[in-house]
Amino acid sequence: MSFSVRPARTSDVRDIRQLVEPLVQRRILLGKDPVVFFESIQEFVVAEAENGEIIGCGALHVMWEDLGEVRTLAVAQPWLRHGVGHAILDRLEADARELGLSRLFCLTFEVDFFTRHGFEPMGEEEIDREVYFELLRSQDEGVAEFLDLARVKPNTLGNTRMIKRF
């Protein structure tokens, strides 16, 4: 079972949505309108099987000068436990380093998976006061989740906020 990880293309959006939808139905991931996937396609990578099937996806969203978020990490059920998620996360981390990021955030139910990759549960993250107020201006839900703002709590119950520093 061979696969490769590559940057996503607009033609992958339909497949990405199909990968994500079961996780949305199980309330593991938040649903997104198709336009959101197209608007952020440059943040995504996909895992592609030898036969061209898209079997996994993940996104890296830059939040600040040194901070990014791993988003929408999903793997097709038959490909779970075959290294697909690991390969996607490794690629996103490499992309983060190339961009100059030194911290990666995620909000997840998959604590063991992210722990194996060096993430740890977040405590009270020290944020420069000026940066905090700039981040508050963002309408992005991921930023609100990182800041642990009350307005996102109903959508994040049971998830763990995790961070990795490198």
Side-chain angles (χ1 to χ4, degrees), residues 1-63 67-99 101 103-119 121-122 138-146 149 151-164:
M1 296 178 93
S2 182
F3 65 90
S4 59
V5 177
R6 63 165 173 79
R9 299 185 278 262
T10 56
S11 59
D12 297 323
V13 167
R14 183 174 289 111
D15 293 326
I16 291 170
R17 290 187 66 221
Q18 287 176 345
L19 280 171
V20 169
E21 188 56 31
L23 300 173
V24 171
Q25 295 302 316
R26 292 174 38 211
R27 300 179 53 88
I28 293 171
L29 293 176
L30 292 174
K32 297 176 184 171
D33 292 323
V35 69
V36 175
F37 286 106
F38 283 109
E39 289 174 339
S40 61
I41 196 65
Q42 71 278 6
E43 297 179 354
F44 276 84
V45 297
V46 294
E48 183 175 33
E50 286 181 324
N51 66 359
E53 177 188 6
I54 301 302
I55 59 171
C57 66
L60 172 65
H61 180 76
V62 175
M63 297 168 72
L67 176 66
E69 180 183 9
V70 173
R71 293 184 170 177
T72 321
L73 185 56
V75 175
Q77 187 71 32
W79 286 85
L80 291 174
R81 300 193 188 350
H82 288 89
V84 176
H86 292 283
I88 291 169
L89 185 55
D90 287 347
R91 173 65 180 267
L92 295 174
E93 287 184 19
D95 292 348
R97 283 186 178 92
E98 192 170 312
L99 288 168
L101 304 180
R103 295 181 297 163
L104 276 180
F105 164 76
C106 71
L107 183 69
T108 186
F109 288 106
E110 300 296 333
V111 174
D112 291 341
F113 172 81
F114 281 96
T115 298
R116 286 193 301 274
H117 279 271
F119 285 75
M122 278 180 64
S138 175
Q139 298 300 308
D140 186 88
E141 290 298 305
V143 172
E145 292 161 354
F146 174 75
L149 300 179
R151 70 179 169 85
V152 296
K153 293 213 185 283
N155 291 328
T156 62
L157 292 177
N159 285 342
T160 299
R161 296 166 61 238
M162 300 186 80
I163 192 96
K164 180 176 183 172

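Any value given below was found using the heavy atoms of this structure, including those in side chains, with hydrogens, waters and symmetry copies removed.
Between the side chains of Glu69 and His61, no donor N or O sits under 3.5 Å from an acceptor N or O.
Between Asp33 and Arg17 there is no salt bridge, since no side-chain N of the basic residue sits under 4.0 Å from a carboxylate O of the acidic one. Between Asp95 and Arg91 a salt bridge is recorded (basic side-chain N to carboxylate O distance below 4.0 Å).
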Worked verdict on Lys32 versus Thr72 for side chain to side chain contact (heavy atoms under 4.5 Å, CB included)
CA-CA 10 Å; Lys32 297 176 184 171; Thr72 321; 2.8 Å; yes

Report the C-alpha distance between Arg6 and Ile54 in whole Å, list the side-chain angles of each, state the deciding distance to 0.1 Å, and finish with yes or no for side chain to side chain contact (heavy atoms under 4.5 Å, CB included).
CA-CA 10 Å; Arg6 63 165 173 79; Ile54 301 302; 3.5 Å; yes

Could you walk me through whether Leu67 and Leu101 satisfy the side chain to side chain contact (heavy atoms under 4.5 Å, CB included) test, starting with their C-alpha distance in whole Å, then the side-chain angles of each, then the deciding distance to 0.1 Å, before giving a yes or no?
CA-CA 6 Å; Leu67 176 66; Leu101 304 180; 5.7 Å; no

Given side chain to side chain contact (heavy atoms under 4.5 Å, CB included), test Leu19 with Val75 step by step and report yes or no.
CA-CA 7 Å; Leu19 280 171; Val75 175; over 6 Å; no

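Surrounding CZ of Arg14 are at most 12 heavy atoms belonging to other residues, nucleotides or ligands under 6.0 Å away.
Between Phe109 atom CZ and Arg27 atom CZ the span is 8.0 Å, to the nearest 0.5 Å. Here Phe105 contributes atom CZ and Lys164 contributes atom NZ; the two are 15.5 Å apart, rounded to the nearest 0.5 Å. Rounded to the nearest 0.5 Å, atoms CG (Leu60) and OG (Ser40) are 11.5 Å apart. For the atom pair Arg97 CZ and Leu104 CG, the distance stands at 8.0 Å (nearest 0.5 Å). The CG atom of Leu92 sits 10.0 Å away from atom CD of Glu43, with the distance rounded to the nearest 0.5 Å. Rounding to the nearest 0.5 Å gives a distance of 12.0 Å between CG of Leu89 and CD of Glu110.
Under the 6.0 Å cut-off for aromatic ring centres, Phe3 and His82 do not qualify, their centroids lying 6.0 Å or more apart.
Considering every non-hydrogen atom in both Trp79 and Ser2, the closest pair reads CH2-O, 3.9 Å. Heavy-atom minimum distance, Thr160 versus Pro121: CG2-CB, 4.2 Å. Cys57 and Val20 make their closest contact through SG-CG2, 4.2 Å (heavy atoms, listed as atom of the first residue, atom of the second, distance). Contact detail for Met162 and Met122: the closest heavy-atom pair is C-CG, 3.8 Å. The two residues Ile55 and Glu48 make their nearest non-hydrogen contact at CG1-N, 4.3 Å. Across Ala87 and Val5, no two heavy atoms sit closer than the pair CB-CG2, 3.9 Å.
Side-chain contact between Ile88 and Glu93 is absent, with no heavy-atom pair separated by less than 4.5 Å. Side chains of Val46 and Asp15 form no contact here, defined as non-hydrogen atoms less than 4.5 Å apart. Taking 4.5 Å as the limit, some side-chain heavy atom of Phe38 sits within range of a side-chain heavy atom of Thr10. Looking only at side-chain heavy atoms (C-beta outward), Phe146 and Ile163 come within less than 4.5 Å of each other. In this structure the side chain of Asp90 reaches within 4.5 angstrom of the side chain of His117, judged on heavy atoms.
The aromatic rings of Phe119 and Phe114 sit perpendicular to each other, their planes meeting at more than 60°, with 30° as the lower class boundary.
Of the candidates Val24, Leu29, Leu23, Leu23 is the only one forming a side-chain contact (heavy atoms from CB on, under 4.5 Å) with Arg26.
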